[in-house]
Amino acid sequence: MHFQWDDHADCLIVQLPEPFSYEHNLDYLSRSTNECLFHVDNLDIYKLLRIVDKDVLIAVNSADSAAMRIRIINIEDAAQQPELLRAVAEYVWEWFDLGRDLMPFYDLVQRDPLLGPVVQRFHGLRLMGIPDLFEALSWGIIGQQINLTFAYTLKRRLVEAFGTSLVWEGRTYWSFPSPETIALLSPDALTALQFTGKKAEYLIGVAALIAEGQLTKERLLALGSIQAMEKELVRIRGIGPWTANYVLMRCLRDPAAFPLADVGLHNALKHVMGLDDKPSLDTITQLAAKWAGWEAYATFYLWRVLY
DNA sequence: TGCCAGGTAAACA
DNA sequence: TGTTTACATGGC
């Protein structure tokens with residue numbers, strides 16, 4: 001990771017890899033007008049980060065294609081805090097998956113009749129992540145078996161009820177609730193927000209595991225293989241194969257993670273294949289064999305054809 | 001207005 | 001081990 005503080009521009013500079021399309025990433029981030037965890041304003045992305053008990057409001061921009069500029073809005077002497085700068089740069093680095101070399105993926109699928117046109121159309125798109133494990137698991141659980149529009153509504157209710165916020169120039173910025181906060185809730189507090197009883201239990205259970213320190217990104221990553229991580233995640237009540245792979249894909253950053261049961265993936269394949277019905281799981285498994293090692297990226301690119 | 005939604009656990013055969 | 005059903009509610 002390369003980053004430096006630019007005194008003249010008063011912002012953090014993170015070098016961008018090739019290929020990288022800020023526009024395609026921004027399009028992805030703009031897909032819901034009901035997103036509550038960041039705010040896209042023209043070419044700026046505003047986001048509130050929690051960095052060791054401090055609320056840090058950042059604005060990300062990429063005016064030129066070679067670098068990302070990150071303003072740290074609410075902290076006067078950010079330049080004097082190297083740990084803070086590093087934490088911010090690392091967050092953005094993970095969020096945009098800047099450490100990934102995309103060329104092996106493109107080499108693998110550019111001649112694929114299904115994926116070839118898709119990767120060409122969204123060239124430079126990165127798999128936008130959810131670096132925080134609790135947020136990633138929560139978003140997965142929230143999204144189970146409901147439409148995305150409603151999922152965004154539920155997330156907003158959760159965040160606005162239990163998250164932390166910062167007001168800046170008339171706009172309120174939110175960060176995701178801490179697992180410690182959610183672990184202490186009774187299911188009633190979540191069913192009141194229209195969570196189902198089960199999802200309320202799942203979410204509180206996961207929050208407790210993380211709050212107690214039993215479940216961490218580091219522990220999962222230390223297991224080494226994707227199979228071992230998936231097995232460990234699926235042991236947790238409320239986390240099935242889909243959620244486990246969703247989290248492996250967007251948080252643990254395994255490019256071979258594959259949420260096979262994903263309805264969005266099914267509909268995207270139906271669309272690009274020109275089918276009348278969604279393809280069967282067997283058909284998808286056969287197709288995905290050609291994307292081996294890059295199933296997560298294939299899935300993420302395919303989602304883009306729908307929204 | 002009925003079917004569908006970025007599934008999972010639990011019951012059942 | 002593999003299949004079926006309840007969950008629960010909003011969106012379109």
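Bear in mind the structure is a predicted one, so any value in this text is a computation, not a measurement. In what follows, chains are A, B, ... by sequence order, proteins preceding strands, each numbered from 1. Below, each value reflects all heavy atoms present in this structure, side chains not excepted, and no hydrogens, waters or symmetry copies.
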* Using atom CD1 of A/I236 as one end and atom C1' of B/dG7 as the other, report the distance to the nearest whole Å. => 16 Å
* To do: Check the side chains of A/Q144 and A/K198 for a donor-acceptor pair under 3.5 angstrom, ignoring hydrogens and angles.
  => no
* Asked: Going by heavy atoms closer than 4.0 Å, what residues in residues 265-298 of chain A are next to DNA chain C?
  -> none
* Using a distance-only test with no angle check, is there a side-chain donor-acceptor pair under 3.5 angstrom linking A/W139 and A/Y246? -> yes
* Taking atom C1' in both B/dA9 and C/dG10, compute the distance separating them and give it to the nearest angstrom. => 22 Å
* Asked: What does A/G197 touch in the nucleic acid at a heavy-atom separation under 4.0 angstrom: a base, only the sugar-phosphate, or nothing?
  -> sugar-phosphate
* Among the clusters formed by ILVMFWY side chains lying less than 4.5 Å apart, do A/M68 and A/I13 turn up in the same one? -> no
* **hydrophobic_cluster_shared for A/I51 and A/L48, side chain cutoff 4.5 Å** => no
* Do the rings of A/F176 and A/F134 sit parallel, tilted or perpendicular, given the 30° and 60° boundaries? -> perpendicular
* To do: Report the relative orientation of the aromatic rings in A/H24 and A/F122; use parallel for angles under 30°, tilted for 30 to 60°, perpendicular for over 60°.
  => perpendicular
* Are the side chain of A/K47 and the backbone N or O of A/F38 linked by a donor-acceptor pair below 3.5 Å? -> no
* May I ask you to list the residues of residues 242-255 of chain A, by number, that have any heavy atom positioned under 4.0 Å from an atom of DNA chain B? => A/W242, A/T243, A/Y246
* Asked: Roughly how many Å is it from NZ in A/K198 to P in C/dC7, rounded to a whole number?
  -> 8 Å
* Gap between atoms NZ and P, on A/K199 and B/dA9 respectively (whole Å) -> 12 Å
* Structure fact -> From CG of A/L137 across to P of B/dT8 the rounded distance in Å is 12 Å
* What is the nucleic acid contact for A/P241, judged by heavy atoms within less than 4.0 Å: base, sugar-phosphate only, or nothing? -> sugar-phosphate
* Asked: Can you tell me how far C1' of B/dG7 sits from CD of A/E201, to the nearest Å?
  -> 16 Å
* Quickly work out the A/W139 CH2 to B/dA5 P distance and round it to whole Å. => 16 Å
* Check the surroundings of atom CD in A/E76: do more than 12 heavy atoms from other residues, nucleotides or ligands lie under 6.0 Å from it? => no
* Rounded to the nearest Å, what distance is computed from the CZ atom of residue A/R237 to the P atom of nucleotide B/dG7? -> 18 Å
* To do: Give a yes or no on whether a salt bridge exists between A/E94 and A/R253, defined as a side-chain N under 4.0 angstrom from a carboxylate O.
  => no
* Starting at the 5' end of DNA chain B, which residue's closest nucleotide do you reach first, A/I239 or A/G264? -> A/G264
* To do: Could you check whether A/Y202 gets within reach of a base, just the sugar-phosphate, or nothing at all, counting any heavy atom under 4.0 Å?
  => sugar-phosphate
* Whole-Å P distance, B/dG2 and C/dA8 -> 23 Å
* To do: Classify the nucleic acid contact of A/L306 as base, sugar-phosphate or nothing, counting any heavy atom under 4.0 Å across all strands shown.
  => nothing
* To do: Please list residues of residues 143-162 of chain A whose heavy atoms come under 4.0 Å from any atom in DNA chain C, ordered by number; otherwise none.
  => A/Q145, A/N147, A/T149, A/F150
* With P as the reference atom in both, quote the distance from B/dT1 to C/dC7 in angstrom, rounded to an integer. => 25 Å
* Whether A/Y22 and A/F96 hold their rings parallel, tilted or perpendicular, with breakpoints at 30° and 60° -> parallel
* To do: Let me know the distance between CG of A/D188 and C1' of C/dA8, rounded to the nearest Å.
  => 16 Å
* Measure the spacing between OG1 of A/T216 and CD1 of A/I210 and express it to the nearest 0.5 Å. => 9.0 Å
* Asked: Looking just at side-chain N and O atoms, do A/D97 and A/Y297 make a donor-acceptor pair shorter than 3.5 Å?
  -> yes
